[in-house]
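Quick notes on the structure that follows.
Nothing here was measured: the structure is a model prediction, and the numbers come from that model. Quick note: numbers below take in every heavy atom, side chains included, and nothing from hydrogens, waters or symmetry partners.
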Amino acid sequence: MMNLAGGLPYPGYFPYDTLESAVSTSGRFPSALVEQLRKPVPVLPASRPSPPPPPPKKSSSLFSFFRSSQPSPPPPPTIPRPRKASENPGTSSSHLIVPKFRPGSPGASIDVATTLQYGQASGFAPLAEFIKDFSINHLHGGRIPYEDPDILLTCGSTDGLGKVMQMIAERGDNMLVEEYTYPNAIQTADPYGVSMAPVKVDAEGMLSEGKGGLRDVLENWDHRRFGRRPRFMYTVTIGQNPTGGTLSLQRRKEIYRLCERYDVIIVEDDPYWYLQFTESSHPKGTQAPPTNSTKKRYPFLEALTPSYLTIDTSGRVIRLDTFSKTIAPGCRIGWITAQPAFIERLTRITESSTQSPSGFAQAMVVQLLRNIWGMDGWVDWLEGLRAAYEARMRTMCHVLDVYKESTVTLESVDEDSMIVDKVRMYSFDEPMGGMFVWVHIHITSHPAYTAYIARGHTKRAMMDQLWKYVAEEHICLPCPGWIFGANKGIQEGSSAEFFRFCFAAIEAEEIEEATERFGKGIREFWGLNADEVENCCSADGVAEAQGKEAVWGSGYGGFGC
């Protein structure tokens with residue numbers, strides 16, 4: 001066909017003759033890293049008590065915390081380190097080339113001429129087909145209980161959420177979210193005039209029952225105060241950002257039944273799906289749940305907690321996935337899985353907005369997944385990645401467990417004797433998945449808390465001082481928890497008592513030291529009196545935690561999708 005109608009540039013004039021890269025083999029992670037997950041997890045040792053050291057010079061308070069002579073934490077378990085490509089170039093990397101032209105049917109060839117041309121809103125066909133096969137037949141094991149589930153490529157999950165909002169949201173709507181939630185979801189919904197309806201969470205995730213749980217929120221919705229009852233929910237169910245919770249199948253069923261009763265659409269965003277650290281996610285054999293798929297079985301995938309899609313009998317689940325945590329955030333490729341009617345509407349929205357994801361990125365990703373790794377290699381990669389992140393998590397939690405208590409002076413009897421006690425400065429639940437540890441700071445147990453508040457300060461202000469003190473004095477920067485509050489009340493209240501720690505962003509060898517720096521910093525901070533808390537940090541030392549722009553704009557919140 002000599003097409004004179006279509007406004008297409010001639011692919012022979014594309015300046016890229018090839019796209020080339022050295023890419024990891026799917027066996028980059030050592031087998032020992034995966035195998036250790038199939039062994040019993042050792043119990044973390046408790047911190048060892050020590051005699052109190054002399055009072056610190058900086059404080060004159062009777063409630064002095066002793067900063068010196070603290071015991072060194074016992075070393076964390078030895079963790080196999082993933083190989084670097086330079087250490088074993090013959091086996092740990094392959095050369096990826098996308099040629100200029102490759103014979104094949106139009107639209108199906110993985111070559112520069114095809115991938116860099118204008119494409120369909122549904123994405124580059126070879127990549128879309130691979131993802132659909134992976135998602136429908138393997139990730140969800142052929143268990144989606146309606147006919148013809150479909151996928152649509154996106155420019156990442158945030159792009160996908162924006163398109164979902166465009167499809168279902170109306171000004172004045174309320175969106176159900178976890179009380180601590182991913183800030184970009186709030187920012188994505190805000191321009192559509194959507195307000196947040198927070199639901200209480202526990203260590204597992206969103207509560208279905210109890211005070212503040214989903215049933216309570218929906219049954220007792222106050223139309224006069226808040227307007228329309230929520231028609232849709234945004235939720236991160238695996239390694240929830242920021243809490244690290246993983247929602248069980250039983251809890252999903254309870255929540256799904258409530259969503260059916262009140263006709264709520266579930267937007268399930270799970271960039272951390274493959275990073276599940278629960279014991280049940282470590283396949284010991286080849287257990288296989290019921291499935292209608294005839295495809296090859298992968299025990300790693302089948303052992304993961306099932307998606308809401310697998311119980312979606314009424315077609316109300318819209319699932320967002322992304323390659324951001326499994327390949328690279330910069331590739332900006334994700335996908336939506338949903339019933340055909342949703343996918344059709346979202347495709348129309350994509351045609352008039354982003355169109356397909358970047359051709360450069362699609363070419364490199366599909367060449368890697370289909371022609372170099374294949375489905376077997378892709379699943380091996382995911383399993384190794386999970387093992388690497390779990391090892392990081394256990395290192396961080398080990399150190400946090402050691403430093404969580406502090407010795408404080410209750411009363412000085414004389415120069416040679418004093419009455420001391422232990423105080424717990426923070427607590428945390430070991431995350432069941434994801435990239436984060438959600439640490440609850442017991443700020444009200446600080447010896448100077450009452451005096452500090454009496455001077456007109458707030459709880460959040462004292463947490464900000466702790467955040468800045470650790471940053472300035474010990475060069476360690478966790479993310480302040482108020483960022484993740486679903487509304488202003490939560491930001492000033494419960495979420496202000498938390499820090500979120502990410503064990504994914506730094507070198508594995510640095511996790512222990514970075515966490516120790518926080519532990520030492522908070523121990524010192526617990527020894528300050530009210531005057532010292534007020535003046536312990538310089539006004540211009542680090543970004544002030546007074547506005548979301550200061551913190552989030554500096555990247556402390558982490559970009560999730």
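Among the candidates Leu309, Leu139, Asp150, the single residue satisfying the side-chain contact (heavy atoms from CB on, under 4.5 Å) test with Thr337 is Leu309. The only member of Lys296, Arg143, Arg297 that meets salt bridge (Lys or Arg N to Asp or Glu O under 4.0 Å) when paired with Glu302 is Arg297. Paired with Val267 under the rule side-chain contact (heavy atoms from CB on, under 4.5 Å), one option of Leu161, Val236, Val177, Val317 passes, and it is Leu161.
Looking only at distances, no side-chain donor or acceptor of Arg28 sits under 3.5 Å from a matching main-chain atom of Gly384. At least one donor-acceptor pair closer than 3.5 Å links the side chain of Arg332 to the backbone N or O of Cys155. Not a single donor-acceptor pair under 3.5 Å links the side chain of Asp270 to the backbone N or O of Tyr272. Side-chain atoms of Ser495 come within 3.5 Å of backbone atoms of Ile490 as a donor-acceptor pair (strictly under, hydrogens ignored). A donor-acceptor pair is defined here as one N or O able to donate and one able to accept, closer than 3.5 Å; no such pair exists between the side chain of Glu179 and the backbone of Val199. Distance alone, capped at 3.5 Å, places no donor-acceptor pair between the Ser135 side chain and the Lys132 backbone.
No donor-acceptor contact under 3.5 angstrom links the side chains of Tyr180 and Asn241, judged on distance only. In summary, the side chains of Thr278 and Thr246 do not present any donor paired with an acceptor at a separation below 3.5 Å, with no hydrogens or angles considered. No side-chain donor from either of Arg460 and Thr458 sits under 3.5 Å from a side-chain acceptor of the other. Using modelled atom types, one finds no donor on one side chain facing an acceptor on the other under 3.5 Å when comparing Asp269 with Tyr182. At a cut-off of 3.5 Å, with distance as the only test, no side-chain donor of Arg215 or Asn220 sits close to an acceptor on the other residue.
Scanning for ring-ring contact (aromatic ring centres under 6.0 Å, His included) contacts around Trp335 gives Phe323, with sequence neighbours left out. The side-chain contact (heavy atoms from CB on, under 4.5 Å) search around Ser248 returns Glu204, Gln250, Arg251, not counting sequence neighbours. Take His442 and apply the ring-ring contact (aromatic ring centres under 6.0 Å, His included) test, not counting sequence neighbours, and it matches His440. Applying the ring-ring contact (aromatic ring centres under 6.0 Å, His included) test to Phe226 and every residue at least two apart in sequence or in another chain returns Trp221. Here Tyr298 pairs with Asp376 under the side-chain hydrogen bond (donor to acceptor under 3.5 Å, both in side chains) rule; sequence neighbours left out. The salt bridge (charged side-chain N to carboxylate O under 4.0 Å, His left out) check on Glu268 picks up Arg252, Arg319, with sequence neighbours excluded. Among residues two or more places apart in sequence or in another chain, the salt bridge (charged side-chain N to carboxylate O under 4.0 Å, His left out) test is passed with Glu513 by Arg517. Partners of Thr515 according to the side-chain hydrogen bond (donor to acceptor under 3.5 Å, both in side chains) rule, which considers only residues two or more places apart in sequence or in another chain, do not exist here. Taking Phe518 as the reference, Tyr426, Phe501 meet the ring-ring contact (aromatic ring centres under 6.0 Å, His included) condition, with sequence neighbours excluded. With sequence neighbours left out, the side-chain hydrogen bond (donor to acceptor under 3.5 Å, both in side chains) criterion links Thr326 to no other residue. In this structure Thr305 satisfies the side-chain hydrogen bond (donor to acceptor under 3.5 Å, both in side chains) test together with Gln276, sequence neighbours excluded.
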Report the C-alpha separation of Tyr389 and Phe277 in whole Å, then their side-chain angles, then the decisive distance to 0.1 Å, and conclude whether the ring-ring contact (aromatic ring centres under 6.0 Å, His included) test is met.
CA-CA 9 Å; Tyr389 278 118; Phe277 308 144; 7.9 Å; no

For Glu512 and Thr395, run side chain to side chain donor-acceptor pair (under 3.5 Å): C-alpha distance rounded to whole Å, both residues' side-chain angles, the deciding distance at 0.1 Å, then the answer.
CA-CA 6 Å; Glu512 182 178 356; Thr395 297; over 6 Å; no

Candidate pair Asp263 and Phe232, rule side-chain contact (heavy atoms from CB on, under 4.5 Å), full reasoning:
CA-CA 8 Å; Asp263 198 18; Phe232 48 91; over 6 Å; no

Should Tyr308 and Thr235 be marked as a side chain to side chain donor-acceptor pair (under 3.5 Å) after you check the CA-CA gap, both sets of side-chain angles, and the distance that decides it?
CA-CA 11 Å; Tyr308 274 117; Thr235 180; 5.4 Å; no

Stepwise salt bridge (Lys or Arg N to Asp or Glu O under 4.0 Å) test for Asp312 and Arg316:
CA-CA 7 Å; Asp312 185 21; Arg316 66 180 60 255; 5.2 Å; no

Evaluate salt bridge (Lys or Arg N to Asp or Glu O under 4.0 Å) for Glu507 paired with Arg392, printing each intermediate quantity in order.
CA-CA 9 Å; Glu507 294 290 337; Arg392 287 166 163 263; 5.3 Å; no

The test is side-chain contact (heavy atoms from CB on, under 4.5 Å); show your working for Met233 and Ile255 and say whether it passes.
CA-CA 11 Å; Met233 169 199 297; Ile255 290 173; 3.9 Å; yes

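In this structure, Lys488 does not pair ionically with Glu492, as no charged nitrogen and carboxylate oxygen lie closer than 4.0 Å. Taking the charged nitrogens against the carboxylate oxygens, Asp464 and Lys468 have no contact shorter than 4.0 Å, which rules out a salt bridge. A salt bridge between Asp216 and Lys200 is absent, with no side-chain N of the basic residue lying under 4.0 Å from a carboxylate O of the acidic one.
Rounding to the nearest 0.5 Å places CG of Leu247 at 9.0 Å from CD of Glu254. A distance of 10.0 Å separates CD1 in Ile266 from CG in Leu176, rounded to the nearest 0.5 Å. Rounding to the nearest 0.5 angstrom, the gap separating the CG atom in Leu258 from the CD atom in Glu209 is 6.0 Å. Here the CD1 atom belonging to Ile318 is positioned 8.0 Å from the CG atom belonging to Leu320, to the nearest 0.5 angstrom. Residue Asp321 holds its CG atom at 10.0 Å from CD1 of Ile151, rounded to the nearest 0.5 Å. Here the OH atom belonging to Tyr469 is positioned 11.5 Å from the CD1 atom belonging to Ile522, to the nearest 0.5 angstrom.
The 12-atom threshold is exceeded at NZ of Lys459, counting heavy atoms of other residues, nucleotides or ligands nearer than 6.0 Å.
The minimum heavy-atom distance between Leu346 and Lys163, with the atom names listed, is CD2-O, 3.6 Å. Minimum heavy-atom separation, Val194 to Ala169: CG2-CB, 3.8 Å. Tyr403 and Met425 get closest at one heavy-atom pair: O-CE, 3.1 Å.
Aromatic ring orientation, His140 versus Trp273: perpendicular (interplanar angle above 60°, classes split at 30° and 60°). Relative orientation of the Phe484 and Trp438 rings is perpendicular, given thresholds of 30° and 60° on the angle between their planes.
Here salt bridge (Lys or Arg N to Asp or Glu O under 4.0 Å) pairs that include residues 229-246, with residues two or more places apart or in two chains, are Asp173-Arg231.
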